[in-house]
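Worksheet for the structure shown next.
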Amino acid sequence: MEKKISIACSAFLENNENKFLFLKRGENSSWGKNQWQLAEGKMEWGETPEQNIQREIFEETGSKATGLTFIDYQTVNIQAKGFDWHVLRMIFKGKLNAKIKLDEEHSEFAWWTLQEALKQDLVVGLKEF
């Protein structure tokens, strides 16, 4: 299988109840089918990490986050679209206090504490982080 490298940004988005937003990947996802993830997506040409995560949050939730700050990174390996991917995931934290309007990539959303989230079927690397 051909190997590729990608950069993605993710965000722990916290509401006023100290819970974080998780999105359930859809049935037709190329990876992580029906698993829970943060707002996340691959960088596009010319984007900064901050622009990338703001765009992804808006595309996936219909809302804008505030106070986004970079907290850490991790690398994960996934298989998708016929390739082995080595992904650098840049992780942010911010606030989101708005009504969620899901995109077509996700089937559900939930607000959980981190302890509640650890009991769910999360995408690769998220529990470890």
Side-chain angles (χ1 to χ4, degrees):
M1 198 174 285
E2 187 177 346
K3 298 178 185 313
K4 293 197 173 219
I5 295 174
S6 181
I7 300 171
C9 293
S10 300
F12 283 97
L13 299 172
E14 190 175 16
N15 66 12
N16 288 334
E17 298 171 1
N18 300 317
K19 293 187 175 188
F20 295 91
L21 178 66
F22 289 85
L23 307 171
K24 188 173 187 181
R25 295 184 62 82
E27 180 69 29
N28 297 322
S29 293
S30 61
W31 73 278
K33 185 188 316 188
N34 295 319
Q35 290 183 309
W36 292 90
Q37 70 176 140
L38 303 173
E40 174 178 281
K42 293 190 298 186
M43 286 183 68
E44 293 183 357
W45 182 261
E47 281 185 323
T48 65
E50 292 81 4
Q51 290 168 331
N52 168 243
I53 194 58
Q54 283 286 16
R55 177 183 54 76
E56 289 292 343
I57 291 167
F58 186 75
E59 287 177 2
E60 294 178 356
T61 70
S63 299
K64 291 187 177 186
T66 59
L68 281 170
T69 56
F70 175 76
I71 56 171
D72 207 348
Y73 73 91
Q74 74 175 167
T75 57
V76 295
N77 295 317
I78 64 169
Q79 291 184 344
K81 300 180 181 177
F83 299 101
D84 276 335
W85 292 91
H86 184 69
V87 180
L88 170 63
R89 181 184 282 157
M90 301 178 72
I91 304 170
F92 291 79
K93 182 179 178 186
K95 294 283 187 183
L96 187 68
N97 292 300
K99 184 175 178 169
I100 304 300
K101 181 182 174 193
L102 286 178
D103 64 354
E104 67 282 348
E105 293 178 23
H106 299 95
S107 60
E108 298 177 48
F109 72 92
W111 292 97
W112 292 319
T113 64
L114 295 180
Q115 292 75 24
E116 291 169 331
L118 288 173
K119 298 174 186 173
Q120 309 303 318
D121 184 16
L122 303 176
V123 295
V124 65
L126 193 50
K127 281 186 183 179
E128 294 78 6
F129 184 80

Exercise. Could you grab the distance from atom CG of L23 to atom CG of L38, nearest 0.5 Å is fine?
Key: 8.0 Å

Practice problem: Indicate yes or no for a side-chain donor-acceptor contact from N52 to the backbone of K42 under 3.5 Å, with no hydrogens or angles considered. | Solution: yes

Quiz item: Rounded to the nearest 0.5 Å, how far apart are NE2 of H86 and CD1 of I78?
Solution: 11.5 Å

Exercise. Check the side chains of R89 and Q74 for a donor-acceptor pair under 3.5 angstrom, ignoring hydrogens and angles.
Key: yes

Exercise. Kindly check if the number of other-residue, nucleotide or ligand heavy atoms within 6.0 Å of CG (N28) is above 12?
Key: no

Quiz prompt | Y73, OH: over 12 other non-hydrogen atoms inside 6.0 angstrom | solution = no

Quiz item: Going from CG on D103 to CD on E60, what distance comes out if it is rounded to the nearest 0.5 angstrom?
Solution: 5.5 Å

Quiz prompt | Single-linkage hydrophobic cluster V124~F83, side-chain heavy atoms < 4.5 angstrom | solution = yes

Self-check item: Straight-line distance of D84 CG to N77 CG, nearest 0.5 Å
Solution: 7.5 Å

Self-check item: side-chain contact (heavy atoms from CB on, under 4.5 Å) assessment of L96 paired with W111
Solution: CA-CA 11 Å; L96 187 68; W111 292 97; 4.3 Å; yes

Self-check item: Hydrophobic cluster membership, F58 vs I100, 4.5 Å side-chain cutoff
Solution: no

Practice problem: Please tell me if the side chains of F70 and E50 come closer than 4.5 Å, counting only heavy atoms from C-beta onward. | Solution: no

Exercise. Taking all non-hydrogen atoms of both residues into account, name the closest pair between A65 and L13 and its distance.
Key: CB-CD2, 3.8 Å

Practice problem: Kindly give the heavy-atom pair with the smallest separation between I71 and K93, and that separation in Å. | Solution: CG2-CB, 4.0 Å

Quiz item: Is the number of heavy atoms from other residues, nucleotides or ligands under 6.0 Å of E17 CD greater than 12?
Solution: no

Self-check item: Non-hydrogen atoms of W85 and A80 that approach each other most closely
Solution: NE1-O, 3.0 Å

Quiz item: If we only count heavy atoms from C-beta on, is the L68 to I57 side-chain gap below 4.5 Å?
Solution: yes

Self-check item: Within 6.0 angstrom of K95 NZ, more than 12 heavy atoms from elsewhere
Solution: yes

Quiz prompt | Reference residue F22; test ring-ring contact (aromatic ring centres under 6.0 Å, His included); the match among W36, W112, F109 | solution = W112

Self-check item: Under 3.5 Å: donor-acceptor pair, side chain of N16, backbone of N97
Solution: no

Quiz item: Which heavy-atom pair separates R25 from S107 by the least distance, and what is that distance?
Solution: O-OG, 4.0 Å

Quiz item: Once you round to the nearest 0.5 Å, how far does CG of L88 lie from CE of M43?
Solution: 9.5 Å

Quiz prompt | Nearest-0.5 Å distance that lies between atom CD1 in I53 and atom OG in S10 | solution = 6.0 Å

Quiz item: Can you name the nearest heavy-atom pair linking V87 to A8, along with the distance?
Solution: CG1-CB, 4.1 Å

Quiz item: Just by distance, do the side chain of S63 and the backbone of K99 share a donor-acceptor pair under 3.5 Å?
Solution: yes

Exercise. Report yes if some heavy atom in the side chain of S29 is under 4.5 Å from a heavy atom in the side chain of E105; otherwise report no.
Key: no

Quiz item: Given Q51, which of R55, Q54, E47 fulfils the side-chain contact (heavy atoms from CB on, under 4.5 Å) condition?
Solution: E47

Exercise. State whether a side-chain donor-acceptor pair under 3.5 Å links E27 with N34.
Key: yes

Self-check item: side-chain contact (heavy atoms from CB on, under 4.5 Å) between H106 and Q37, intermediate numbers included
Solution: CA-CA 10 Å; H106 299 95; Q37 70 176 140; 2.9 Å; yes

Practice problem: May I ask you to check whether over 12 heavy atoms, not counting those of L114, lie within 6.0 Å of atom CG? | Solution: yes

Quiz item: Under 4.5 Å between any side-chain heavy atoms of L118 and K127, yes or no?
Solution: yes

Practice problem: Please state whether the rings of F20 and F12 are parallel, tilted or perpendicular, taking 30° and 60° as the class boundaries. | Solution: perpendicular

